[in-house]
Amino acid sequence: MATYPEKAAEHEIGWPLPAGMDVQALEQLLFAAVETPKSTPVIPNWQEVATEIQAHNHP
């Protein structure tokens, strides 16, 4: 995980902070949550599942 100075350098922020930037705004800029792409759930082919279960069903 990057440190505050490393993250600040990435965003070209130095000291003193830019006018109007408070601690909350700084942390939001430096450590904003990374958005992960939403994936579509895979729905199983239930007929294949049933066939597999029956093929491995030992009496």
Side-chain angles (χ1 to χ4, degrees):
M1 178 177 223
T3 63
Y4 277 87
E6 290 168 343
K7 294 291 258 177
E10 287 175 16
H11 293 281
E12 299 178 356
I13 297 174
W15 189 259
L17 293 177
M21 181 173 280
D22 60 7
V23 174
Q24 288 82 15
L26 176 63
E27 286 193 355
Q28 177 64 33
L29 178 67
L30 299 183
F31 300 103
V34 176
E35 193 172 315
T36 56
K38 305 232 187 273
S39 63
T40 304
V42 176
I43 299 173
N45 179 331
W46 294 113
Q47 185 58 48
E48 285 183 26
V49 172
T51 302
E52 282 291 315
I53 290 172
Q54 289 175 350
H56 297 286
N57 190 6
H58 301 285

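Note that these values count all heavy atoms, side chains included, but never hydrogens, waters or copies made by symmetry.
- For L29, the side-chain contact (heavy atoms from CB on, under 4.5 Å) test picks out H11, I13, M21, with sequence neighbours left out.
- Residues satisfying the side-chain contact (heavy atoms from CB on, under 4.5 Å) test with P16, not counting sequence neighbours, are none.
- The side-chain hydrogen bond (donor to acceptor under 3.5 Å, both in side chains) pairs that include a residue from residues 15-27 are Y4-E27, where partners are two or more places apart or lie in different chains.
- Taking Q47 as the reference, nothing meets the side chain to side chain donor-acceptor pair (under 3.5 Å) condition, with sequence neighbours excluded.
- Remark: V49 engages P44, W46, I53 in a side-chain contact (heavy atoms from CB on, under 4.5 Å) (not counting sequence neighbours).
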